[in-house]
Amino acid sequence: MNENLDLKESSLFGKKDKPLIISGPCSAESEKQVLETARSLKEIGIKVFRAGIWKPRTRPGTFEGLGSVALPWLRRVKEETGMLTAIEVANIWHIKEALNHDIDILWVGARTTANPFAVQELADGMRGIDKPVFVKNPINPDIELWIGALERMNKAGIKNLAAIHRGFSFYGQSPYRNLPQWEIPVELKRRVPDLPVITDPSHISGNRKLIFGIAQTALDLDFSGLFIESHYRPEEALSDKDQQLSPDDLKNVLSGLIHRKSEIVNTRKMEELNEYRRQIDQWDDELIRVLNNRLAISEKIGHYKKKENITILQTNRWSEILEDRLSKARKMGMSDRFITQLFKNIHQESISFQNRVMN
Ligand code: PEP
Ligand code: MN
């Protein structure tokens, strides 16, 4: 499916090789913190300043933002530095307050995107507003919900849209606070090619040490920008302390990033790449043929099992297959994870085939 969003080209995302960098504190905590952070960010060339005014915290009793009293500080940031300002809005009141204080960009938070009632209310509240709106992915890995939220905004007349990839919730352990699941924003780019996608390495990582790697991956995937939390004194931050960068550290992260070209201009190099791609295409054709042959044999086995009245799943045989394929693939340097996933899928499809034969 290809979505038809009616989008307007935004000057925020002008240059292909110049990703938009948005930065600022998780939360606006004091006038001094906001202004000092903004001044340092301005010095390192940041053009858009973010700050949380109302904070959707997981547990009550943690810092939930200062609310409207912090909005005049953002106006000062604009006046003093010329940066654009961006805040999260989660209800109609937030939108009204943002408009009253000349906020330039509104974003929809991950918890809000997951709730179509809330998104529809926001979209209705934004009707007729000519400001960029960025929609974070929902906390659950559901691309339809993400696209649905963008569609609701778009149907309300908002054409200056972008998506923010901030990772997905999970239960268990991981080096990340939220799993990046890159395949989801990549699929979003495929389905809505004109929509800029920005990555938020701060909320993906939850840890400032991991920000660089995530940011580099986003650039390597040709995403349109980065959304990174920064604080003039990260160690004193009232929310998301471990993931905020000082403006100096942000400068280092940004200057270390490698910007690759999204297209090859040199035709000789293009020919080289095309030759590799032709080879990949051929191998993929071969893969499909091989898989089809394998499934045809599975089907024959299905008929045999039916005739002899034996169960489809033979656990020993399946363990043997997996062990054997893993040990062969290991010798060629392929990862256990890859081979296990691949053979689980192949085995599952064989079972489905035999199920059809038998029942
Ligand atoms: C934020 O950007 O400060 C925030 C609350 O993010 P998310 O909605 O991604 O959790
Ligand atoms: Mn935060």
Side-chain angles (χ1 to χ4, degrees), residues 20-29 33-34 37 41 46 48-60 62-67 70-71 74 84-91 94 98 103-115 118-119 122 132-142 145-146 149-150 153 162-170 174 176-181 184-185 188 197-208 210-211 214-215 218 223 225-246 249-250:
L20 174 69
I21 313 292
I22 300 169
S23 191
C26 179
S27 312
E29 300 167 355
Q33 172 244 15
V34 166
T37 306
L41 292 176
I46 304 298
V48 184
F49 183 79
R50 64 148 281 158
I53 303 298
W54 301 275
K55 299 303 298 178
R57 307 316 293 174
T58 302
R59 305 281 301 268
T62 44
F63 179 66
E64 298 198 304
L66 295 177
L71 287 169
L74 293 195
L84 300 177
T85 53
I87 67 167
E88 173 178 348
V89 291
N91 60 39
H94 297 167
I103 298 296
D104 301 289
I105 298 169
L106 309 177
W107 88 77
V108 179
R111 292 157 193 77
T112 309
T113 308
N115 177 355
V119 172
L122 285 183
V133 175
F134 297 170
V135 179
K136 284 199 165 194
N137 65 254
I139 52 173
N140 50 326
D142 183 342
L145 209 45
W146 199 359
L150 289 157
M153 296 295 166
I164 304 178
H165 162 232
R166 55 77 78 195
F168 303 89
S169 288
F170 64 100
S174 153
Y176 298 124
R177 176 178 175 188
N178 291 288
L179 300 180
Q181 301 197 261
I184 298 174
L188 180 65
V197 180
I198 302 167
T199 287
D200 171 350
S202 307
H203 289 89
I204 292 176
S205 67
N207 171 353
R208 65 177 68 82
L210 300 175
I211 287 178
I214 298 167
F223 285 14
L226 298 168
F227 193 81
I228 303 182
E229 285 185 344
S230 57
H231 191 293
Y232 82 136
R233 290 181 185 157
E235 66 288 355
E236 291 174 16
L238 299 180
S239 58
D240 289 353
K241 187 199 215 128
D242 299 335
Q243 70 192 34
Q244 302 205 55
L245 292 173
S246 67
D249 286 346
L250 175 65

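Each ligand, and each atom within it, is numbered from 1 in the order the structure gives.
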Subject >> Numbered atoms and elements of ligand 1 in range of Gly109, under 4.0 angstrom, heavy atoms >> reply: 8 (O)
**OP:** Using distance alone, determine whether Arg111 and ligand 1 share an N or O pair under 3.5 Å.
**Re:** yes
Original post:
How close does the nearest protein non-hydrogen atom get to atom 4 (C) of ligand 1, and which residue and atom is it?
Top reply: His203 NE2, 3.6 Å
**OP:** Output yes when Glu229 and Arg50 qualify as a salt bridge under the 4.0 Å nitrogen-oxygen rule, no when they do not.
**Re:** yes
Original post:
Is Asp240 salt-bridged to Arg177, cutoff N-O under 4.0 Å?
Top reply: yes
Original post:
In this structure, which one of Ser202, Ser246, Ser23 forms a side-chain hydrogen bond (donor to acceptor under 3.5 Å, both in side chains) with Ser230?
Top reply: Ser23
**OP:** Among Leu74, Val89, Leu66, find the residue that satisfies the side-chain contact (heavy atoms from CB on, under 4.5 Å) test when tested with Ile53.
**Re:** Leu74
Original post:
Can you list the ligand 1 atoms lying under 4.0 Å from a non-hydrogen atom of Glu229?
Top reply: 3 (O)
Original post:
For atom 6 (O) of ligand 1, what's the nearest protein heavy atom and its distance?
Top reply: Lys136 NZ, 2.8 Å
Original post:
Taking only heavy atoms of Ala110, which atoms of ligand 1 are found under 4.0 Å from at least one of them?
Top reply: 8 (O), 9 (O)
Subject >> At the Mn ion (ligand 2): angle between Asp240 atom OD2 and His203 atom NE2, to 10 degrees >> reply: 90°
Subject >> Shortest protein heavy-atom distance from atom 5 (C) of ligand 1, along with the residue and atom involved >> reply: Glu88 OE1, 3.6 Å
Original post:
Does Gly167 offer a backbone N or O that forms a donor-acceptor pair with the side chain of Asn137 under 3.5 Å?
Top reply: yes
**OP:** For residues Lys136 and Thr113, report the shortest heavy-atom separation together with the two atoms involved.
**Re:** O-OG1, 2.8 Å
**OP:** Run through Lys241, Gln244, Glu29 and flag the one making a side-chain hydrogen bond (donor to acceptor under 3.5 Å, both in side chains) with His231.
**Re:** Glu29
Original post:
Given SG of Cys26 on one side and OE2 of Glu229 on the other, what angle do they make at the Mn ion (ligand 2), to 10°?
Top reply: 90°
Subject >> Closest protein heavy atom to atom 9 (O) of ligand 1, given as residue, atom name and distance to 0.1 Å >> reply: Arg166 NE, 2.6 Å
